[in-house]
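All values derive from a computational prediction rather than experimental measurement.
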Amino acid sequence: MPHLALSQVSLTTVPVGSDLSLRRSVFKAQSVNFSDRSWAPVLPLDLKTKSGRLRNQRIVCMSVQQASAPKVAVSPLELENATDPPLNTYKPKDPYTATIVSVERIVGPRAPGETCHIVIDHGGNVPYWEGQSYGVIPPGENPKKPGAPQNVRLYSIASTRYGDYFDGKTTSLCVRRAVYYDPETGKEDPSKNGVCSNYLCNSKPGDKIKITGPAGKIMLLPEDNPNATHIMIATGTGVAPYRGYLRRMFMEAVPTFKFGGLAWLFLGVANNDSLLYDEEFTKYLKDYPDNFRYDLALSREQKNKRGGKMYVQDKIEEYSDEIFKLLDDGAHIYFCGLKGMMPGIQETLKRVAQERGESWEEKLSQLKKNKQWHVEVY
């Protein structure tokens with residue numbers, strides 16, 4: 001059966017009842033294959049009334065014989081009105097109680113470890129901007145402070161302000177389950193596993209969750225110039241904020257933000273089964289070839305030019321001349337992922353700068369001064 005780009009089809013709505021199982025990521029539904037006569041559900045809309053009760057859903061369907069715009073309408077557009085990002089609406093001493101909508105494993109069987117995409121319903125009460133983080137307070141007692149709650153853990157938000165259902169009521173997190181293996185026995189030691197990551201990955205739809213925030217201003221997407229270049233570098237779940245950026249740029253019909261620049265994503269993971277949101281990113285590449293670039297560093301499957309494992313810094317080096325030129329022209333560059341990614345990246349950039357007869361220290365200082373340099377590592 002042929003695979004059709006969304007730009008080749010039209011959108012219409014049909015009522016389908018109120019089965020919650022239809023709540024899913026729009027992109028998965030958009031990526032189905034279908035024959036010339038078939039219709040396929042794409043997007044659940046208006047799942048709740050203002051009172052919170054379910055009503056008949058309507059889903060967007062595709063008709064092969066017509067054509068329409070590919071972007072998805074979002075609401076409420078009042079979320080565009082704020083001039084400053086929301087910050088710490090809910091604090092650790094008085095968190096917001098949200099609800100788990102879905103937990104989905106998003107890596108293949110050969111991926112080392114498990115990564116989950118978690119959708120949380122905040123009812124529109126904890127608005128955020130792309131690039132911010134939510135705090136999560138796992139249940140239980142703080143082992144270092146008997147009688148006190150667990151500490152807050154911060155997670156980068158992996159959706160736009162409108163959420164995966166485009167209604168401004170949900171947020172999404174990309175969480176890797178932290179598991180500890182004893183180096184001597186090789187067996188898992190649950191007592192040392194990550195408390196919050198396992199709590200989140202084990203959650204079920206309907207579970208209540210305490211959240212704080214939103215937090216963070218470093219990774220906010222600058223939108224003063226819609227034709228700017230954004231170079232995004234991630235390892236693993238560090239791709240979370242970029243998923244939000246890219247959905248805003250290429251998936252959503254936001255009247256006040258029409259992206260016409262270049263978004264260039266570098267993603268480093270272990271292997272092909274470890275890729276995160278690859279289906280979405282590959283579709284942007286197909287639909288917006290002039291505005292999106294996507295480069296992968298698969299450390300267990302690719303070799304760098306020196307014959308070693310391919311990491312994101314090796315990909316950066318591969319395109320270093322172009323990257324440096326873009327930075328000279330005002331591009332923003334973002335880094336998100338484990339702290340361990342930064343030393344190798346900094347060494348690569350320093351070496352490239354020296355080869356170009358430049359001082360990396362001076363260049364970095366200028367990038368920071370110009371607010372082109374954005375780093376969030378953990």
Side chain to side chain, [X] and [Y], heavy atoms closer than 4.5 Å:
X	Y	result
Lys210	Val136	no
Thr212	Ile137	yes
Ile231	Leu326	yes
Arg105	Thr115	no
Val175	Thr237	no
Thr171	Val126	no
Pro241	Gln132	no
Trp129	Ile157	no

**Prompt:** What do the steps show when you test Ser156 against Glu376 for side chain to side chain contact (heavy atoms under 4.5 Å, CB included), and what is the final call?
**Reply:** CA-CA 9 Å; Ser156 297; Glu376 186 172 84; 2.9 Å; yes
Would [X] and [Y] pass as an ion pair if we require N to O under 4.0 Å?
X	Y	value
Glu318	Lys315	yes
Glu223	Lys258	no
Lys303	Asp314	no
Arg306	Glu317	yes
Glu252	Arg247	no
Arg243	Glu280	yes
Asp287	Lys283	yes

Check the orientation of [X] and [Y]. Use parallel for under 30°, tilted for 30 to 60°, and perpendicular for over 60°.
X	Y	answer
Trp360	Phe324	tilted
Tyr284	Phe250	tilted
Tyr242	Tyr334	perpendicular
Phe335	Trp373	tilted

Do you know which two heavy atoms are closest between [X] and [Y], and how far apart they sit?
X	Y	value
Pro226	Phe259	O-CD1, 3.2 Å
Ala98	His122	CB-CA, 4.3 Å
Tyr165	Ser102	OH-OG, 4.3 Å
Pro143	Gln150	CD-OE1, 3.9 Å
Tyr134	Ile211	CE1-CD1, 3.7 Å
Gly340	Pro343	O-CD, 3.5 Å

Say you draw a straight line from [atom1] of [X] to [atom2] of [Y]; how long is it, rounded to the nearest 0.5 Å?
X	Y	atom1	atom2	result
Asn193	Cys201	CG	SG	11.0 Å
Met342	Leu349	CE	CG	7.5 Å
Glu130	Leu221	CD	CG	7.0 Å
Asp273	Glu301	CG	CD	7.5 Å
Ile233	Ile333	CD1	CD1	4.0 Å
Thr235	Met341	OG1	CE	4.5 Å

Using a 3.5 Å distance criterion without hydrogens, assess whether the side chain of [X] forms a donor-acceptor pair with backbone atoms of [Y].
X	Y	result
His117	Glu104	no
Asp167	Pro76	no
Tyr128	Thr160	yes
Lys204	Asn202	yes
Gln302	Leu298	yes
Asn88	Lys91	no
Asn370	Gln372	no

Transitive ILVMFWY side-chain link [X] to [Y], under 4.5 Å:
X	Y	value
Leu265	Met310	no
Ile106	Val269	yes
Tyr319	Val312	yes
Leu246	Leu275	yes
Phe257	Met219	yes

**Message:** Looking at Arg300, I want to see if its CZ is surrounded by more than 12 non-hydrogen atoms of other residues, nucleotides or ligands under 6.0 Å.
**Reply:** no
Below 3.5 Å, can you tabulate the donor-acceptor pairs from side chains in residues 78-86 to any protein atom, sequence neighbours excluded?
unit_1 : atom_1 : unit_2 : atom_2 : d
Glu80  : OE1    : Arg248 : NH2    : 2.7
Glu80  : OE1    : Thr256 : OG1    : 3.2
Glu80  : OE2    : Tyr162 : OH     : 2.6
Glu80  : OE2    : Arg248 : NH1    : 3.0
Glu80  : OE2    : Arg248 : NH2    : 3.4

**Test side chain to side chain donor-acceptor pair (under 3.5 Å) applied to Lys371 - qualifying residues, sequence neighbours left out** = none
**Message:** Working note: Lys325 + Asp329, criterion salt bridge (charged side-chain N to carboxylate O under 4.0 Å, His left out); need CA distance, chi angles, decisive distance, verdict.
**Reply:** CA-CA 6 Å; Lys325 184 178 185 303; Asp329 290 340; 3.3 Å; yes
**Request:** Going by the side chain to side chain contact (heavy atoms under 4.5 Å, CB included) test, name the single residue among Asp164, Ile100, Val103 that passes it with Val119.
**Result:** Asp164
**Request:** Show the numbers, then the answer: is there a side chain to side chain contact (heavy atoms under 4.5 Å, CB included) between Trp264 and Thr229?
**Result:** CA-CA 8 Å; Trp264 191 354; Thr229 295; 5.7 Å; no
**Asked** Does the pair Val101 and Ile120 meet the rule for a side chain to side chain contact (heavy atoms under 4.5 Å, CB included), with working shown?
**Response** CA-CA 5 Å; Val101 175; Ile120 299 168; 6.0 Å; no
**Message:** Holding to salt bridge (Lys or Arg N to Asp or Glu O under 4.0 Å), I want the full list of residues that pass it with Glu361, two or more places apart in sequence or in another chain.
**Reply:** Lys350
**Request:** Verify whether one side chain among Asn125 and Tyr96 offers a donor that lies under 3.5 Å from an acceptor in the other.
**Result:** yes
**Request:** Take Ile323 and Phe266 through the side chain to side chain contact (heavy atoms under 4.5 Å, CB included) test and state the conclusion after the steps.
**Result:** CA-CA 12 Å; Ile323 290 172; Phe266 291 86; 3.9 Å; yes
